[in-house]
There are 2 protein chains.
Amino acid sequence: MEFQFEQYWKEYGENELSHSETHYLLTIYSLLRKDDLLRASTVAKELGISRNAVHLQLKKLSEKKLVKIKENLISLPKHSINIVEKVANKRQTMIVLLSEVLGVPMHIATTDSCKIEHLLSDDTGEALLKFVQFLRSDRKVVLQFLKEFQKYYLQCDPEIGCGLCENIHSMEKVNEN
Amino acid sequence: MEFQFEQYWKEYGENELSHSETHYLLTIYSLLRKDDLLRASTVAKELGISRNAVHLQLKKLSEKKLVKIKENLISLPKHSINIVEKVANKRQTMIVLLSEVLGVPMHIATTDSCKIEHLLSDDTGEALLKFVQFLRSDRKVVLQFLKEFQKYYLQCDPEIGCGLCENIHSMEKVNEN
DNA sequence: TCTTTTTGTTAGGCATGCCTAACATATTTT
DNA sequence: AAAATATGTTAGGCATGCCTAACAAAAAGA
């Protein structure tokens, strides 16, 4: 196996949103749907973070125009709502792909999706969404494909060479530890 | 859209490897294949990071038993090689899924995969690998499925309701900005 | 009204992981 | 051997993002 991706690794830190910021926005969005009079302390409770930390983060988010704060009440500008909805779509799409199509246990699918949602590009998000949308349709080819995959998935023959077998075998070997 | 995933978000920081550590290990693994006499300064050059930072990180990785250092020469214990190979498989699988199957441009597929590789669980990694392996096989159902997906992907009708359409439309709307 | 409780705010600390500057120790080169 | 270069090491700084402690201001209850 060869790696020639070292030039990409630093882009990790150059995302529109950090993991922390993402969850502030998602939480604020969610809480605003229940009650539009939202204060910092409510966000703190919901995130399980101290009021002080939330206060400081909200101040920064406010400077970045990602949240609006007026008389201690929080709201989201349109721009942020767009961001939140895109991230939420990426998460939801990944959860469906992993749990429904690939059969990954729900808790794991959710945790994994939650970790990567804000890191996926919009291109990837859109492509994944169309793919999942297609996989969920009741086209004959899709149903046959999924049926065949289930069969394959449940009884994969390690003796069949297929170009990726070395990888799957290394995965299995490692998991025995 | 409802969010009930707030309880998961803190798990983000509780990974086996940080993004930084992951790339140290991947880089060391890669460099050791070219020359087994590997020094910290070589790693620094490859990662584009100062020698000092690399030195400090290697000391920590060494304390965690993720790398071995003997007379200024770096090597990887078996345990780390397993980790590296699993991460590399996750990355490779995601790149193939995104670029080959979903048609995401290579640079984007690579960047995205690079960002999430270390965050995907082994369960997800294995499931994705089997899925991609299946998608790459020349089964008739797979070929028909992919052909139909291409057709669908290139000319999706937004008027068709399918449960995920609201999402795809919100994505498209947002991207117009 | 006065007290208690809830919020908001500031300050100092800690861990991660990068940086530059400075110095120490090899290792080459001349 | 002496000078030049490469490599290792330590110290101090900075940004992110969390923490606790302490205090201020506002809201609620007696």
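A, B, ... follow the sequence lines: proteins, then strands. Residue 1 opens every chain.
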Between B/R51 and B/V54, which has a closest nucleotide on DNA chain C that is more 5'?
B/V54

Between A/A40 and B/N52, just flag the one whose closest nucleotide in DNA chain C comes earlier from the 5' side.
A/A40

[N] [atom2] sits how many Å from [X] [atom1], rounded?
X	N	atom1	atom2	result
A/E71	D/dA27	CD	C1'	15 Å
B/L56	D/dG13	CG	C1'	13 Å
A/N15	D/dA15	CG	C1'	16 Å
B/H55	C/dA26	NE2	P	14 Å
B/H23	C/dT16	NE2	P	19 Å
B/H19	C/dA15	NE2	P	23 Å
B/K60	C/dC14	NZ	P	15 Å
B/L37	C/dT27	CG	C1'	15 Å

A/R139 vs B/E148 side-chain heavy atoms within contact, under 4.5 Å:
yes

Assign A/N72 to base, sugar-phosphate, or nothing according to its heavy-atom contacts below 4.0 angstrom with the strands shown.
sugar-phosphate

Quick check on DNA chain D: between B/L73 and A/R39, whose nearest nucleotide comes earlier from the 5' end?
B/L73

Does a side-chain N or O of [X] approach OP1 or OP2 of [N] to a distance below 4.0 Å, or not?
X	N	result
A/Y24	D/dT16	no
B/S20	C/dT16	no
B/K45	D/dT7	yes
A/S18	D/dG17	yes
B/K59	D/dG8	no
A/S41	C/dT6	no

Is any side-chain N of the basic residue among B/E21 and B/K60 closer than 4.0 Å to the acidic one's carboxylate O?
no

Is a side-chain donor-acceptor pair under 3.5 Å present for A/E117 with A/H23?
yes

Distance alone, cut at 3.5 Å: any donor-acceptor contact between the side chains of B/T124 and B/S121?
yes

Counting the benzene-type ring for Trp, do B/F134 and A/Y153 have ring centres under 6.0 Å apart?
no

